[in-house]
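Just below is one structure, and these are the notes that go with it.
Quick caveat, the model's predicted, so the values are computed rather than measured. Below, read A as the first sequence line, B as the second, and so on, with proteins coming before strands; counting in each chain starts at 1. Note that these values count all heavy atoms, side chains included, but never hydrogens, waters or copies made by symmetry.
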Amino acid sequence: MVRILEKRQLTPITKLYRVDAPLIAKAASAGQFVIVRVREGGERIPLTITDYDREQGVTTIVVQEVGATTRRLAELQEGEEILDMVGPLGEAPDIPSGGHIVGVGGGYGSAALLCLMRELSDRGEKTTIIMGAREKDLLILADELGEICDHVEICTDDGSAGFKGFVTDRLQEMIDGSPPGRPDYVIAIGPMPMMRAVEKTTKAAGIDTTASLDPLMIDGTGMCGGCRVTVGGEIKFACVDGPFFDAHEVDFDEAVSRSKMYVKEEQQAAACQRSAREVA
Amino acid sequence: MPVKRADKTPMPVREAELRAHDFEEVNEGYCFSHAMFEAERCLRCQDPVCIDGCPVRVPIADFMHAVAAGDLKKASTILRTANPLAAICGRVCPQEAQCEMQCHMTKRFGPVAIGHLERYVSDWEMEQPLNDSVAKPTRDEKIAIIGSGPSGLVCAGELARLGYRVTVFEALHAPGGVLRYGIPEFRLPNSILDWEIASLERLGVEFINNVIIGKTIKLDELFSEMGYSAAFIGTGAGLPKFMGIPGESLNGVYSANEFLTRINLMQAFEFPHSETPLKVGGRVAVIGSGNTAMDAVRSALRLGAEHAMVVYRRSENEMTARIEEYEHAIEEGVEFHWLTNPIEVLGEDGWVTGLKCMRMELGEPDDSGRARPVPIEGSEFIFPVDNVVLSIGTRPNPLLSRATPGLKTHSWGGLLVDERQVETSVHRVYAGGDAVTGAATVILAAGAGKKAAEAIHSDLAADAA
């Protein structure tokens, strides 16, 4: 059981939790993830570690409501407990030093970039974050990322804040020379279609890119193989070999297809959850 | 006139048509009169050889005599002293290749049903009132057990009995390892495993779930920061192998580990009440012929598959599953396709639609001593299927060895151990079970856990002296 110390609503569907998980905070590196289970009979789902505070023993996660489990998690309040949390899982990415490092975060992906970008800034790298959302109100952690990175580029689909357009449009402008300038290395974290679009953009420009994949997982320790992705023609397990992979080598078509394996069941679980609530 | 003796008393089982649709236990267990009658079949050999077939050397003859005398308390003490996981082993051991193979009755009348009696006595023990008090450790030394599968459970129990302070660290949210996530409830009900774990807790063993040694806590931190004197690695062989054929990442293709974990650990058969889904279509092909393949194919049947098929490149003779599982699978309607080797998983729109196979014939014996299957040219054909479950073996999980410099492994992933077969390349870190041997049986893992406990005890005593 992991106690929730603080809950912040970042957007109507995105919550930030600071939880009492000292062992995870102590062992965590930027880019790793945890697996949580919210109730008996609940699913195990992976969530990226947004931040950690070793002294206070606090681990921070950000949850966007997308399915039955994330909705249940989002209902938990300060002082309540998350049933199971295990981690840190996966390997921290190996980001080369020197040059201009650009993190591209889509939606809740920006949260996953927080401690990673801070680590890179602390290392003395020139850092820029391009963060995108549909509209202004859906942007998350822009202030925090602003403090960490040398440059923050905000993109909204409707132009309600920052650049009007997709993160990849802004990325392309920077590749073409628009300040803060061409990236030497790109880190993409966000929904699968966004990461694929980033990969296409940087591939054409010949820029090394890593993507943090979050396929379906159960154990997170390499036991089930459900999170397998094809990278450079080889089967890799995102939980133990990843979650970061050379984006130019990832078979995104397959990854996208696999991520949709249980779409129907997710709707069914959500419907079941709704009807249970109505009965209650 | 030759002596006439009764045949082995059959295990009462639930009707195949009924049991093939639920996850309740298939075997119903002997009643008292079955057990008495069966124990009387034992020939009282002067020099019993059944014990030689048992990897943990249960004194089977003594145990059998106690049952025949109706002294079940004595029988259970004999059993449990030698095999702390008797209730589990009575259900999952391949007795026909171990103790019962040695039995002098085997050739003419069928062996004494040692496994069924082991289960009977353990079940009797589980029905006895529990002693609620938790034993207090009598020693100061703390021992860490990494992984709560069979080897870890036995090692923990033995050390707790010796008075050590024992903590078991489990990566998942529930203890038991492969006994929890791998073996389905129709073969090993969770209540049995829960009882075994509760007994260990009463011996003073502490269980901590959701901790991955190597990730949450590094192996050396157990010693340097947490004050453990020794650690036992029983992390099993949980990494699934894939075949490397095209189409293995199509939706609807599972490793047997994933398939069974979704069912056993995550209770997918109760979806959507339990929230972990599993896609089981009308036609399911399970590749492989071991116990895990039988568990997967019989689970598929229980989840509504109309055609649950085993596809295996060798023949029935080379099958590695327990004979009981095979017979039960046939009774339940599982289809077997021998000498059939899958070469490609076919799909449409990202989903499995078929399994392309080749017919095989048996050639000369290979490295394993079994006849080598050779493809018959031009024999390709296609099974239309909705699911493919790969049950072609597992390898030791490299997570801990990758995270621990100095912890040496064989090239295939098994942990290297000393000439005693217990201590790893890291001082006072021991290992046993599938993590050392590669995938094997529950009883061999139990034996390894016991042996490691003895070594830990004597090494720590030597350190203190």
*Of the backbone (N, CA, C, O) and the side chain (C-beta and beyond), which part of B/E221 lies under 4.5 Å from a heavy atom of chain A, both, or neither?*
side chain
*Of the backbone (N, CA, C, O) and the side chain (C-beta and beyond), which part of B/L390 lies under 4.5 Å from a heavy atom of chain A, both, or neither?*
neither
*Please name the pair of heavy atoms, one in B/A171 and one in A/R44, separated by the smallest distance, quoted to 0.1 Å.*
O-NH2, 4.5 Å
*Exceeds 12 heavy-atom contacts within 6.0 angstrom, atom CG of A/D122*: yes
*For atom CD of B/E348, decide whether the heavy atoms of other residues, nucleotides or ligands shown that lie under 6.0 angstrom number more than 12.*
no
*Where does B/I217 contact chain A at under 4.5 Å (heavy atoms): side chain, backbone, both or neither?*
side chain
*Sub-3.5 Å donor-acceptor pair from the side chain of B/N397 to the main-chain atoms of A/G222, do we have one?*
no
*In terms of heavy-atom proximity below 4.5 Å to chain B, should A/Q32 be classed as side chain, backbone, both, or neither?*
side chain
*asked:* Counting heavy-atom pairs under 4.5 Å with chain B, which one of A/A271, A/A28, A/G220, A/P88 comes out on top?
replied: A/P88
*Would you mind telling me which of A/E266, A/E254, A/E234, A/K264 has the largest number of heavy-atom pairs within less than 4.5 Å of chain B?*
A/E254
*Report the distance from atom NE2 of B/H173 to atom CD of A/E40, rounding to the nearest 0.5 Å.*
7.0 Å
*asked:* Just so I understand: if I count every heavy-atom pair under 4.5 Å between each of B/P277, B/A256, B/S255, B/G214 and chain A, which residue has the most?
replied: B/P277
*For A/R39, is it the side chain, the backbone, both, or neither that has a heavy atom closer than 4.5 Å to a heavy atom of chain B?*
side chain
*Heavy-atom distance under 4.5 Å to chain B: side chain of A/I218, backbone, both or neither?*
side chain
*asked:* Looking at every non-hydrogen atom in both residues, tell me the closest pair between B/Y254 and A/M261 and how far apart they are.
replied: OH-CE, 3.5 Å
*Pick one of side chain, backbone, both or neither for A/T230, based on which atoms fall under 4.5 Å of a heavy atom in chain B.*
side chain
*Out of A/D219, A/I35, A/V86, which one pairs with B/L172 under the side chain to side chain contact (heavy atoms under 4.5 Å, CB included) rule?*
A/D219
_Using a 4.5 angstrom heavy-atom cutoff, name the option from A/R228, A/Q268, A/E91 with the most pairs to chain B._
A/R228
*Do B/I212 and A/L89 pass the side chain to side chain contact (heavy atoms under 4.5 Å, CB included) test, and can you show the C-alpha distance, the side-chain angles, and the key distance before you say yes or no?*
CA-CA 9 Å; B/I212 304 173; A/L89 295 159; 3.3 Å; yes
*Is it true that A/K260 and B/D349 make a salt bridge, defined as a side-chain N closer than 4.0 Å to a carboxylate O?*
no
*asked:* Any salt bridge linking B/E275 with A/R72? Criterion: basic side-chain nitrogen under 4.0 Å from a carboxylate oxygen.
replied: yes
_Interatomic distance, B/N251 atom CG to A/S259 atom OG [nearest 0.5 angstrom]_ = 8.5 Å
*Which atoms of B/Y181 come close to chain A, meaning under 4.5 Å heavy atom to heavy atom: side chain ones, backbone ones, both, or neither?*
side chain
*A/R258 versus chain B, heavy atoms under 4.5 Å apart: side chain, backbone, both or neither?*
both
*Any idea which of B/N257, B/V211, B/T216 has the most non-hydrogen atom pairs under 4.5 angstrom with chain A?*
B/T216
*Taking every non-hydrogen atom, the tightest pair across B/P240 and A/M223*: CD-O, 3.1 Å
*Is there a donor-acceptor contact under 3.5 Å from the side chain of B/K215 to the main chain of A/I24?*
no
*Would you name the heavy atoms of A/S257 and B/G350 that are closest together and state the gap between them?*
OG-CA, 3.8 Å
